[in-house]
Amino acid sequence: MKLRFLGKNSTPGDSPTLYASDQDSYVIQGWKVFANDLLMQLDVPEGQTVIEVPPELFEHLAKDGHTTGEIKSFTAPIMLVTEQDTCILQGPEMTDPEALSQMRMPDYETCIEVPKSSITALLEENSGPDHPSPA
C-alpha cells in the first residue's frame with residue numbers, strides 16, 4: 001500500500017497524521033487510547049484499535065480535493081468526543097508492512113485504516129446531534 005502524506009498536527013512529541021492511500025482509504029495516525037473509562041464505552045472487536053486525534057487534523061482533507069476539512073457529522077469512525085474536544089476513532093489497525101514503513105510513529109501512537117467514504121461522510125451535514133456526548 002502506498003501512502004500520500006496529507007498533513008499533521010504537531011507539537012513537540014505529538015504527531016497525529018493523516019494519509020491518503022492508493023486503496024481508496026485514509027490512514028489516520030493518532031495517540032493510542034488506554035483510558036478504561038473511554039474503552040468501556042466502546043465495543044472494540046479483535047483487529048480493531050482506538051485512537052485519539054484533534055479534529056483539526058481533518059482540515060488536511062482539503063489537500064485531497066475536498067473543499068473543507070471541517071467535521072460536521074460526528075459519526076463512525078468517530079466514536080466519542082472527549083471533554084477536551086478531541087475525537088476518539090475506532091477502526092481496523094494498520095498492519096500493512098509497506099504502509100507502516102512509510103510512517104514515523106512513536107510507541108504511544110498507532111494508526112487505523114478507514115474507507116475514504118467513511119471520512120468524507122463526516123464532512124456532510126446531518127440532522128442528528130452536533131456530536132456524541134463528551135467522554
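The basis for the numbers below is simple: all heavy atoms, side chains too, and nothing from hydrogens, waters or symmetry mates. Note that this is a predicted model, so its numbers are computed, not measured.
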Do you know the tightest heavy-atom contact between [X] and [Y]?
X     : Y      : value
Gly30 : Val53  : CA-CG1, 3.7 Å
Leu61 : Gly69  : CB-CA, 4.3 Å
Pro77 : Val114 : CB-CG1, 4.1 Å
Ser73 : Ala121 : CB-O, 3.9 Å

Original post:
Side-chain donor-acceptor pair under 3.5 Å between Ser15 and Glu109, yes or no?
Top reply: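 Checked: Ser15/Glu109 side chains pair up, N/O donor to acceptor below 3.5 Å.
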Original post:
Cluster partners of Val27, using ILVMFWY side-chain heavy atoms under 4.5 angstrom, listed by chain and number?
Top reply: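 Met1, Leu3, Phe5, Tyr19, Met94, Leu100, Met103, Met105, listed by chain and number.
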Subject >> Qualifying residues under side chain to side chain donor-acceptor pair (under 3.5 Å), relative to Tyr26, sequence neighbours excluded >> reply: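 Applying side chain to side chain donor-acceptor pair (under 3.5 Å) to Tyr26 gives Asp64, His66.
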From [X] [atom1] over to [Y] [atom2], what is the distance, rounded to the nearest 0.5 angstrom?
X      : Y      : atom1 : atom2 : answer
Glu93  : Ile51  : CD    : CD1   : 10.0 Å
Thr75  : Glu124 : OG1   : CD    : 9.5 Å
Ile78  : Ser118 : CD1   : OG    : 11.0 Å
Leu123 : Lys72  : CG    : NZ    : 8.0 Å
Glu113 : Gln48  : CD    : CD    : 11.5 Å
Ile119 : Leu18  : CD1   : CG    : 7.5 Å

Original post:
Is any side-chain heavy atom of Pro54 closer than 4.5 Å to a side-chain heavy atom of Cys87?
Top reply: no
**OP:** With side chain to side chain contact (heavy atoms under 4.5 Å, CB included) as the test, would you mind laying out the steps for Val33 and Gln90 before giving the verdict?
**Re:** CA-CA 10 Å; Val33 174; Gln90 178 178 321; over 6 Å; no
Is a side-chain N or O of [X] found less than 3.5 angstrom from the main chain of [Y], in a donor-acceptor match?
X      : Y      : result
Ser101 : Ala99  : no
Gln29  : Arg104 : yes
Lys32  : Thr49  : no

Original post:
Please walk me through it: do Leu6 and Arg4 pass side chain to side chain contact (heavy atoms under 4.5 Å, CB included)?
Top reply: CA-CA 6 Å; Leu6 295 178; Arg4 183 169 46 89; 3.3 Å; yes
**OP:** Determine, stepwise, if the pair Lys2 / Glu98 fulfils side chain to side chain contact (heavy atoms under 4.5 Å, CB included).
**Re:** CA-CA 7 Å; Lys2 301 279 188 220; Glu98 181 183 15; 2.8 Å; yes
Subject >> Steps toward side chain to side chain contact (heavy atoms under 4.5 Å, CB included) verdict (His60, Leu57) >> reply: CA-CA 6 Å; His60 299 293; Leu57 180 64; 4.0 Å; yes
**OP:** Check each of Leu38, Val50, Thr86 against Leu80 using the side-chain contact (heavy atoms from CB on, under 4.5 Å) test, and report the only one that passes.
**Re:** Leu38
